[in-house]
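Here is the structure we will look at, set down as structure tokens.
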Amino acid sequence: MSTPVAGYNIAFKIGGSTFAGRTQDDLTIAARTKESITKDDQGSAQTSINGHDISFRATGLVDVTGGTNILDRDDIVEDVLKTGSSAVLAFTYTTTGGKVLSGNCVITNYTESSNSEDDATYTIDFRTTGTVTFAAAQ
């Protein structure tokens, strides 16, 4: 019998901190493939996986209060504006009771949306860089 994981039990963190007002986290793992055809394959393409592209998206309500281990809007924008090696951020992505995906990432996009009637929202896109590990929580 399967045991579903409630969405609030999934945590995406940057440098040990979550995002203020976070309402949704998305994880995408896409295989990098290479196709080849050799004479021995008799014209049938063979596909191999030579790595993975891993990206994350965090979405939430814009919050300027933050707190201990909670990144508010200003903290997030500071990270977005970083360049060079300071733009590389440590991340963890885990479910309660599950293994931890961890490594480094960079912010590839930040969008803040507002209108005259609703709460302001943000979306941040991340892409991993370097080695990513998937291991038991410590």
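Hydrogens, waters and symmetry mates are skipped; everything else that's a heavy atom, side chains included, is used. In this text the structure is predicted, and so the values were computed from the model without any measurement.
Expressed to the nearest 0.5 Å, how far NZ of Lys34 lies from CD of Gln46 amounts to 13.0 Å. Atom NE2 of His52 and atom OG1 of Thr33 lie 10.0 Å apart (nearest 0.5 Å). Here Leu27 contributes atom CG and Ile29 contributes atom CD1; the two are 4.5 Å apart, rounded to the nearest 0.5 Å. Distance check, rounded to the nearest 0.5 Å: CZ of Arg22 to CG of Asp25 gives 4.5 Å. Atom CD in Glu112 sits 10.5 Å away from atom OH in Tyr122 (nearest 0.5 Å). Atom CZ of Arg127 sits about 13.0 Å away from atom CG of Asn104, to the nearest 0.5 Å.
For the residue pair Gln42/Asp40, the side-chain donor-acceptor check at 3.5 Å is not satisfied. Neither side chain, Thr92 nor Ser102, offers a donor N or O lying under 3.5 Å from an acceptor on the other. Side chains of Asp63 and Thr65: a donor-acceptor N/O pair is present below 3.5 angstrom, by distance only.
In the hydrophobic cluster analysis, where Ile, Leu, Val, Met, Phe, Trp and Tyr join through side-chain heavy atoms closer than 4.5 angstrom, Ile10 is grouped apart from Ile70. Hydrophobic clustering (ILVMFWY, side-chain heavy atoms < 4.5 Å, transitive): Phe19 and Tyr110 are in one cluster. A chain of hydrophobic side-chain contacts below 4.5 Å, direct or via other Ile, Leu, Val, Met, Phe, Trp or Tyr residues, connects Val5 to Leu101. A continuous path of Ile, Leu, Val, Met, Phe, Trp and Tyr side chains, each step under 4.5 Å between heavy atoms, connects Val80 with Val62, placing both in one hydrophobic cluster.
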* Please report the C-alpha distance between Thr121 and Asp119 in whole Å, then the side-chain angles of each, then the deciding distance to 0.1 Å, and finally whether the side-chain hydrogen bond (donor to acceptor under 3.5 Å, both in side chains) criterion is met. => CA-CA 6 Å; Thr121 60; Asp119 293 330; over 6 Å; no
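When all heavy atoms of Leu71 and Ser17 are compared, the closest pair comes out as CG-CB, 3.8 Å. The two residues Ala20 and Asp72 come nearest to each other via the heavy atoms CB-CA, 4.0 Å. Between Ala120 and Ser114, the closest heavy-atom pair is CB-CB, 4.0 Å. Residues Ser113 and Thr111 share a closest heavy-atom pair of OG-CG2, 3.9 Å.
Without hydrogens or angle criteria, Asp79 side chain to Ile76 main chain gives no donor-acceptor distance under 3.5 Å. Side-chain N or O atoms of Thr123 include none that pairs as donor or acceptor with a backbone N or O of Thr59 at under 3.5 Å.
A ring-ring contact (aromatic ring centres under 6.0 Å, His included) with Phe126 is found for exactly one of Phe56, Tyr93, Phe12, Phe91, namely Phe12. A side chain to side chain contact (heavy atoms under 4.5 Å, CB included) with Cys105 is found for one member of Ile54, Ile14, Val132 and no other, namely Ile14.
At least one side-chain heavy atom of Ile107 sits under 4.5 Å from a side-chain heavy atom of Ile124. The shortest distance between side-chain heavy atoms of Val88 and Thr129 falls below 4.5 Å. Residues Leu61 and Thr23 are in side-chain contact: their nearest non-hydrogen atoms beyond the backbone lie under 4.5 Å apart.
Using a cutoff of 4.0 Å between basic side-chain nitrogens and carboxylate oxygens, Arg32 and Asp53 are scored as salt-bridged.
By the salt bridge (Lys or Arg N to Asp or Glu O under 4.0 Å) test, Arg57 pairs with Asp125, sequence neighbours left out.
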